[in-house]
**Q** 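My questions all concern the structure below.
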Amino acid sequence: MRFLYIWLLIFLVSLNAQKYELGQGYVVHEYINIGGYFSIDYANGENVDKARLDDVAFLMYGKLPKAFSYFVEFEAAPFYEKDFLSDTSQKNTTFHYERAYMNYDYSNSVNFRAGKFITPIGYWNLVPINVLRDTSSNPLFSYRMFPKFVTGVESYGYTSEESDLKYNLFIQATDDIDEDYINIKNNLFVGSSIEYFADDAFSFGGSLAYFETKEIRKNVGLLQVNAKYDWYPFLIQTEWGYTNIDNTQTDRTEYQLGGYLQGMYNFTEQHVLVGRYEYFKDTQLGELADEHIALLGYSYRPVYAFSIKGEYQFHDDKNANKALLSLSVLF
């Protein structure tokens with residue numbers, strides 16, 4: 001039913017749309033913009049032969065008077081999936097709240113956000129839309145180590161008006177606004193992150209966080225570091241994290257250690273070669289604790305809001321090797 005409401009809302013506001021540019025959304029009112037995105041991918045390997053209409057999302061956002069702004073995103077994923085190995089298919093047409101928040105921009109140093117928003121940790125997690133990412137697949141680090149979203153409040157900005165040091169402080173002390181759409185269910189999540197911009201090309205930073213999971217009671221502490229060197233046509237970025245996990249049910253202490261190193265070379269603004277190495281160790285998984293993955297990929301982006309990407313993944317277990325192709329569009 002929520003799906004029908006969203007379509008009806010978009011239809012009604014689109015009647016008054018003033019202008020449109022791919023990737024910039026429809027301007028339907030001074031305070032209302034609507035847009036969306038989708039991605040299609042195909043994976044093929046020894047153990048996989050699958051096609052998906054993956055992310056299907058609708059966006060509404062805009063600036064309001066007195067330095068306020070808002071952003072709302074509904075998403076269904078995977079919307080439709082066809083498994084050719086088992087000759088089965090499934091669909092998920094239920095749309096969930098991926099993001100829903102309000103901003104207040106007071107100054108360059110002090111700003112506030114409240115609602116459900118992206119967890120401000122590292123680089124990869126800050127880009128949730130497939131079309132804007134460097135590869136179709138996501139590093140294990142980016143979705144296994146910490147909740148991808150916060151339902152709570154955040155303060156962010158630079159430490160002074162002319163500072164090169166950016167900070168984020170956030171806290172969640174309640175359930176997620178949509179618990180069916182969060183990678184790690186929790187009801188307490190608090191953390192901070194910093195990023196120092198040394199010059200136009202180099203930046204580095206890190207995060208500290210603590211959260212308590214709900215399904216299996218665990219108290220988790222996170223330490224994360226990241227760095228980026230962006231000097232066209234080259235871009236190198238890396239993120240690494242360590243979690244200390246106190247399993248209150250088994251009275252055991254476990255940990256995760258993971259991250260990635262990724263390099264990119266832009267042949268032109270439209271054609272990009274990507275290489276990535278990632279490592280992930282999780283003592284909760286027994287014999288599956290250590291994973292090494294190498295990736296070689298290519299991205300073609302004729303315009304900012306449209307991308308075609310291909311990659312091949314090399315795993316420790318050769319049976320897990322696979323090729324992945326995707327097409328994604330931002331409206």
Side-chain angles (χ1 to χ4, degrees), residues 1-7 9-10 23 34-60 72-100 116 118-119 124-149 176-185 215 274 276 278 280 291 293 295 297 299-301 305-313 315 319-331:
M1 186 62 69
R2 184 185 298 170
F3 174 69
L4 296 177
Y5 290 154
I6 295 170
W7 271 109
L9 175 63
I10 290 176
I34 62 171
Y37 61 87
F38 75 87
S39 63
I40 301 170
D41 61 44
Y42 172 69
N44 181 266
E46 185 69 24
N47 296 323
V48 63
D49 188 10
K50 184 181 297 184
R52 300 185 305 176
L53 172 54
D54 192 19
D55 298 335
V56 176
F58 301 102
L59 313 174
M60 181 177 294
V72 180
E73 176 180 0
F74 295 100
E75 182 179 77
F79 194 84
Y80 177 80
E81 182 176 276
K82 173 66 176 182
D83 190 324
F84 298 103
L85 291 181
S86 61
D87 195 25
T88 59
S89 63
Q90 61 181 13
K91 61 181 179 179
N92 173 21
T93 57
T94 301
F95 281 79
H96 296 275
Y97 290 97
E98 182 165 59
R99 289 181 280 176
K116 182 175 181 179
I118 297 171
T119 302
W124 202 276
N125 194 57
L126 300 181
V127 188
I129 300 176
N130 184 297
V131 68
L132 304 179
R133 291 172 174 162
D134 303 321
T135 62
S136 296
S137 64
N138 302 313
L140 301 176
F141 159 87
S142 67
Y143 60 89
R144 287 192 184 179
M145 299 195 78
F146 56 88
K148 293 172 64 63
F149 299 95
D176 188 88
I177 196 173
D178 191 340
E179 285 204 322
D180 293 329
Y181 213 68
I182 184 71
N183 59 321
I184 300 176
K185 294 181 181 180
E215 294 180 321
V274 183
R276 184 169 72 225
E278 59 178 295
F280 198 84
E291 297 182 68
I293 303 173
L295 177 151
S299 171
Y300 172 58
R301 188 186 302 273
F306 181 93
S307 73
I308 300 173
K309 290 174 282 193
E311 65 187 61
Y312 193 84
Q313 300 175 10
H315 294 252
N319 291 326
N321 292 355
K322 63 181 178 181
L324 181 61
L325 300 173
S326 73
L327 180 151
S328 49
V329 180
L330 174 67
F331 296 103

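Keep in mind that the numbers below use all heavy atoms, side chains included, and drop hydrogens, waters and symmetry copies.
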**Q** Compare all side-chain heavy atoms of Leu140 with those of Glu278 and state whether any distance is below 4.5 angstrom.
**A** yes

**Q** Would you call Glu179 and Lys185 a salt bridge, using N to O less than 4.0 angstrom?
**A**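 Judged by the 4.0 Å cut-off on N to carboxylate O distance, Glu179 and Lys185 do not form a salt bridge.
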
**Q** Which residues pass the salt bridge (charged side-chain N to carboxylate O under 4.0 Å, His left out) test with Asp134, sequence neighbours left out?
**A**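 Per chain and number, Asp134 pairs via salt bridge (charged side-chain N to carboxylate O under 4.0 Å, His left out) with no residue.
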
**Q** About how many Å separate CG of Asp49 and CG of Asn44, when rounded to the nearest 0.5 Å?
**A** 5.0 Å

**Q** Does any non-hydrogen side-chain atom of Thr135 lie less than 4.5 Å from one of Trp124?
**A**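 In contact.
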
**Q** Any donor-acceptor pair under 3.5 Å linking the side chain of Asn125 with the backbone of Thr119?
**A** yes

**Q** Minimum heavy-atom separation for Asn130 to Lys309, with atom names?
**A** O-NZ, 2.6 Å

**Q** What I'd like to find out is whether the side chain of Phe141 reaches to under 4.5 Å of the side chain of Phe146, using heavy atoms alone.
**A**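 Counting from C-beta outward, Phe141 and Phe146 do come under 4.5 Å.
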
**Q** Looking at every heavy atom in both Asp83 and Leu85, which two are closest together, and how far apart are they?
**A** OD1-N, 3.0 Å

**Q** State whether the side chain of Glu311 and the backbone N or O of Ser136 hold a donor-acceptor pair below 3.5 Å, judged by distance alone.
**A** yes

**Q** Quick one: closest heavy-atom pair of Leu59 and Tyr37, and the distance?
**A** CD2-CE2, 4.0 Å

**Q** With sequence neighbours excluded, tell me which residues meet salt bridge (charged side-chain N to carboxylate O under 4.0 Å, His left out) with Glu75.
**A**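 Residues passing salt bridge (charged side-chain N to carboxylate O under 4.0 Å, His left out) with Glu75: none at all.
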
**Q** As an exercise, state the distance from OG of Ser328 to CG of Leu132, rounded to the nearest 0.5 Å.
**A**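 One gets 8.0 Å once the value is rounded to the nearest 0.5 Å.
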
**Q** Taking all heavy atoms of Leu325 and all of Gly310, pick out the closest pair and write down the distance.
**A**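 Scanning both residues, the minimum pair turns out to be CD2-CA, 3.8 Å.
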
**Q** How many angstroms lie between CZ in Phe95 and OH in Tyr181, if you round to the nearest 0.5 Å?
**A** 9.0 Å

**Q** Could you check whether Ser137 and Arg276, counting side-chain N and O atoms only, form a donor-acceptor pair closer than 3.5 Å?
**A** yes

**Q** Using the side-chain contact (heavy atoms from CB on, under 4.5 Å) criterion, which residues pair with Ile177? Sequence neighbours excluded.
**A**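 Scan of Ile177 (side-chain contact (heavy atoms from CB on, under 4.5 Å), adjacent residues dropped) gives Tyr97, Lys116, Thr151.
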
**Q** To the nearest 0.5 Å, what is the distance between CZ (Arg99) and CE (Met60)?
**A**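 Reported to 0.5 Å precision, the distance equals 14.5 Å.
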
**Q** Rounded to the nearest 0.5 Å, what separates atom CZ in Arg144 from atom CD1 in Ile184?
**A**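 It is 10.5 Å, given to the nearest 0.5 Å.
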
**Q** Using atom types as modelled and distance alone, determine if a side-chain donor or acceptor of Asn321 lies under 3.5 Å from a backbone N or O of His315.
**A**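 Side chain of Asn321 to backbone of His315, a donor-acceptor pair under 3.5 Å: yes, one is there.
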
**Q** How long is the gap from CG on Leu126 to OG on Ser142, to the nearest 0.5 Å?
**A** 11.0 Å

**Q** Look at the aromatic rings of Tyr42 and Phe84 and report parallel, tilted or perpendicular, splitting at 30° and 60°.
**A**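 Ring orientation, 0 to 90° scale: perpendicular.
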
**Q** Any sub-3.5 Å donor-acceptor pair from Asp54's side-chain atoms to Ser39's backbone N or O?
**A** no

**Q** Where is the tightest heavy-atom contact between Asn319 and Asn47, given as atom of each residue plus distance?
**A** O-ND2, 3.0 Å

**Q** Pro147 and Ile182: which non-hydrogen atoms are nearest, and at how many Å?
**A** CB-CD1, 4.4 Å

**Q** Please, which pairs that meet salt bridge (charged side-chain N to carboxylate O under 4.0 Å, His left out) have at least one residue in residues 85-98, sequence neighbours excluded?
**A** Lys82-Asp87

**Q** Side chains of Tyr80 and Ser89: does their closest heavy-atom pair fall under 4.5 Å?
**A** yes

**Q** Partners of Glu46 by salt bridge (charged side-chain N to carboxylate O under 4.0 Å, His left out), sequence neighbours excluded?
**A**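 Counting only residues at least two positions away or on another chain, Glu46 forms no salt bridge (charged side-chain N to carboxylate O under 4.0 Å, His left out).
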
**Q** For Arg301, what residues pass the side chain to side chain donor-acceptor pair (under 3.5 Å) criterion, not counting sequence neighbours?
**A** none

**Q** Can you tell me which residue among Phe79, Phe58, Phe331 is in a ring pair (Phe, Tyr, Trp, His ring centres under 6.0 Å) with Phe38?
**A**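 Passing option: Phe331.
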
